[in-house]
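A quick write-up on the structure given underneath.
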Amino acid sequence: MQKPTIAIIGAGPAGLASARHFKELGDVTIFDAKKEVGGMWVYTDYNEFNHPNLESDGYYRLYGNLHSSLYKDLMTNIPKNFMCFKDFKHDESTPHIMKAETYLKYLQDYSNHFQLTKLIEFNTVVENVRLVKNLSNKELESHGLNSNTEKTFLITTFIGDKPSVKQHRLFDFVLVCTGHYSKPYIPEFPGQKEYEGKQLHTHHFREVTKELFGDKRVLLIGTSISANDTIHLLFSEKAVREQATPKQLFVTGTTTSLLQGSTDYDALFKSKKMFLKGGKPHSQPIILRFLRLIFTLVSLIDKVKGKRKVPQPRSKPKTTTTPKPGKAKAVLVSILRFIAFITGLRLLGGLKRRLAAAFIRKVTSKNTRGGVKSFGKGKIVHFNDGTSEVIDTVIYATGYLTSLPFLTNNNDKIIEFDEGDPGHYFGPLYKRIFAINQPKLMFIGFSSRNLNSHPTVERQIMIAKQVSQGLVKLPAKEDMLAELNEELRRLVEDWKMKKSTYYSFGPGYTAEQYQKDLIAMNVLEEDESYRIMEPITKNVISIGLSGNFGQLKTFDYGKYVDGVPYNPTASKF
């Protein structure tokens, strides 16, 4: 029997892990526009402002933007155990928070170890993915292909710097692993095009320079993790040495609630180097401080109990490898639990989580009036809080859009973006993986706000493989659509969230619940190694709620995991 043919688009983390698993199923071909392994983690000095010939870049020709958004000196912000795949751990000597080049080396070593590099066609851009059933015999034969084929997809590719050199091939399965951190999202404001200062997105940012930032009045639009990374870089020791620090930094966003509670920037606030537009330091809404206390208490309970354990799969009784806490510890644990109980701090019930999330939305919307209102004459920027400032350089840390031109530039409509809001919600997908209109088209790694990034990606891949093998059967099309539509209804009506946030995990549907759903769907035993990271997850959430994102890079992760066996394996889920 002939092996199935499998196309994987992208040779970054998701693409490489997909190839590792799917090569056991059939003949794998990986397409990547770059000239080496690593995807987004391959650094280049070039951006859209300094590239010598944008049209010579195949990725740019198709997508309208360059692929890389990586900047110099990038450090990861989640620990290494969240950034490794099964059966291939990081070296013991690798720090928990690593440099980008260290992680790139991990991906290159992973590719070599599992003999994946030979499967990759570099400098090759996927231009089109078509359904064979929608093509005429004449179209297939014009490409030199058998019109009687039973294959599902026709893929057209071109050489990156030679767009006229095209190739047409047939495949049974396609996995889309292109990522979603390349096409910058830049919100539009009145007067923006006439603004006379400099503007760039974090996608374009490569390093702090005196020309862009030195002694300048800088506006940073955005308050999430990439914005916080940018703040730390702007006032880093390197920036000070190179006289590249701003004279003043103004930070704003649709809400500044998280930054209002941060202590990371106390020195900058006190020295009048940094200002929040739409909020005041240390005036964080009480509900966020309340929730932060929840996770702090729960983490403290874990710490006092000495929770350096090897948790067991959920299907088995929970046991630990450490002895029970001594009497004094047990008393302290009981006291902490009592405090958590009488104040309702643990918020474990779904109803309590729902009420808390609703309260957060209500409080933050009333306590902040962040954001830009418009751009005025010259370098003037007007803010929603009624103030105006002269700004020399604007940085947009406003996130990214998903771009899938090889699927949206034809009439097959396997997936579609929302009309009027391209780049956010696309679908319909089942379990955020399978194209409901043709489940042999699968999407890996398109969810965000997920600490367990690599475990989640690999579980998506393993589910995709099990379905492709026939080990797991998907529901009927109408049932998959009904489940998706109900999830979207809850998101919009119950949680009052925009449909565009569907791929970002949140209180309505958490990353933890998604993991449980994938586990329930699969046929293998749960991999207990992943649960070792649960105490760290609680601490990271607490740090995030505090707004002290810089502490993600300095937290003592080793206290929880050093010396604890961590061996995720492909024989388990």
Taking the side chain as every heavy atom from C-beta outward, state whether [X] and [Y] have any pair of such atoms under 4.5 Å apart.
X: L107; Y: W41; answer: yes
X: M98; Y: K80; answer: yes
X: R20; Y: F85; answer: no
X: W495; Y: Y509; answer: no
X: L66; Y: L54; answer: yes
X: I444; Y: V457; answer: yes
X: C177; Y: I9; answer: no
X: N409; Y: N128; answer: yes

With a 3.5 Å distance limit and no angle check, can you tell me whether [X] reaches the backbone of [Y] through a side-chain donor-acceptor pair?
X: R432; Y: F443; result: no
X: Q551; Y: N548; result: no
X: T223; Y: T255; result: yes
X: S542; Y: K538; result: no
X: T387; Y: F383; result: no
X: E458; Y: K86; result: yes
X: S388; Y: H382; result: no
X: S111; Y: Q108; result: no
X: Y530; Y: N452; result: no
X: T408; Y: L404; result: yes

Could you walk me through whether F275 and F269 pass the side-chain contact (heavy atoms from CB on, under 4.5 Å) check?
CA-CA 6 Å; F275 302 85; F269 288 131; 5.9 Å; no

Relative to the ring of [Y], is the ring of [X] parallel (under 30°), tilted (30 to 60°) or perpendicular (over 60°)?
X: H204; Y: H201; value: perpendicular
X: Y514; Y: F505; value: tilted
X: Y106; Y: F88; value: tilted
X: H424; Y: Y185; value: perpendicular

Partners of [X] by side-chain hydrogen bond (donor to acceptor under 3.5 Å, both in side chains), sequence neighbours excluded?
X: H203; answer: E48, S69
X: Q199; answer: Y396
X: Y103; answer: H454
X: S448; answer: S504

Derivation of the side-chain hydrogen bond (donor to acceptor under 3.5 Å, both in side chains) call for T456 and Q515:
CA-CA 7 Å; T456 301; Q515 296 274 349; 2.4 Å; yes

[X] [atom1]: over 12 foreign heavy atoms closer than 6.0 Å:
X: K105; atom1: NZ; answer: no
X: E237; atom1: CD; answer: no
X: K238; atom1: NZ; answer: yes

Got a sec, which pairs hit salt bridge (charged side-chain N to carboxylate O under 4.0 Å, His left out) with one end in residues 247-265, sequence neighbours left out?
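Salt bridge (charged side-chain N to carboxylate O under 4.0 Å, His left out) check on residues 247-265 returns no pairs.
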
According to the salt bridge (charged side-chain N to carboxylate O under 4.0 Å, His left out) rule, which pairs have a member within residues 416-427, sequence neighbours left out?
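Sorted result for residues 416-427: D418-K499.
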
Between H51 and Y46, ring centroids under 6.0 Å
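Yes: the rings meet the under 6.0 Å criterion.
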
Please enumerate all residues that pass salt bridge (charged side-chain N to carboxylate O under 4.0 Å, His left out) together with K183, with sequence neighbours excluded.
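For K183 there are no salt bridge (charged side-chain N to carboxylate O under 4.0 Å, His left out) partners, ignoring immediate neighbours.
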
Who passes salt bridge (charged side-chain N to carboxylate O under 4.0 Å, His left out) against D57, sequence neighbours left out?
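Listed in chain order: nothing, the list is empty.
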
Rounded to the nearest 0.5 Å, how far does [atom2] of [Y] lie from [atom1] of [X]?
X: T76; Y: K553; atom1: OG1; atom2: NZ; value: 6.5 Å
X: H96; Y: N81; atom1: NE2; atom2: CG; value: 7.0 Å
X: I225; Y: R449; atom1: CD1; atom2: CZ; value: 9.5 Å
X: F555; Y: N77; atom1: CZ; atom2: CG; value: 14.5 Å

Can you confirm whether the side chains of S56 and D161 place a donor and an acceptor under 3.5 Å from each other?
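Looking only at side-chain atoms, D161 and S56 do not form any donor-acceptor pair under 3.5 Å.
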
Y560 side chain to D562 side chain, donor-acceptor N/O pair below 3.5 angstrom
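The criterion, which ignores hydrogens and geometry beyond distance, is not satisfied for D562 and Y560.
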
Audit row: F417, L401, side-chain contact (heavy atoms from CB on, under 4.5 Å) steps and yes/no:
CA-CA 11 Å; F417 286 91; L401 300 172; over 6 Å; no

Full working for side-chain contact (heavy atoms from CB on, under 4.5 Å) between I391 and Y195
CA-CA 10 Å; I391 300 295; Y195 171 69; 3.5 Å; yes

Show me the donor-acceptor pairs within less than 3.5 Å that the side chains of residues 210-217 make with the rest of the protein, sequence neighbours left out.
unit_1 : atom_1 : unit_2 : atom_2 : d
K210   : NZ     : Q243   : OE1    : 3.3
E211   : OE2    : K198   : NZ     : 3.2
K216   : NZ     : E211   : O      : 3.3
K216   : NZ     : G214   : O      : 3.4
R217   : NE     : V390   : O      : 2.7
R217   : NH1    : Q248   : OE1    : 2.4
R217   : NH2    : E389   : OE1    : 2.6

Test log, rule side-chain contact (heavy atoms from CB on, under 4.5 Å), inputs T256 and K277
CA-CA 8 Å; T256 58; K277 287 294 185 178; over 6 Å; no

Run the numbers on D229 and Y71 for side-chain hydrogen bond (donor to acceptor under 3.5 Å, both in side chains), then give the verdict.
CA-CA 11 Å; D229 271 4; Y71 55 82; 2.9 Å; yes

Non-neighbouring partners of F82 that pass ring-ring contact (aromatic ring centres under 6.0 Å, His included), sequence neighbours left out:
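For F82 there are no ring-ring contact (aromatic ring centres under 6.0 Å, His included) partners, ignoring immediate neighbours.
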
Using the test ring-ring contact (aromatic ring centres under 6.0 Å, His included), find all partners of F122 that sit at least two apart in sequence or belong to another chain.
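Checked F122 against ring-ring contact (aromatic ring centres under 6.0 Å, His included); zero matches.
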
Under a 4.0 Å N-O cut-off, is there an ion pair linking D385 with K373?
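Between K373 and D385 there is no salt bridge, as every charged N stays at least 4.0 Å from the carboxylate O atoms.
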
Only pairs at least two apart or in different chains count here, so list each ring-ring contact (aromatic ring centres under 6.0 Å, His included) that has a residue in residues 225-248.
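Residue pairs passing ring-ring contact (aromatic ring centres under 6.0 Å, His included), neighbours aside: H232-Y265.
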
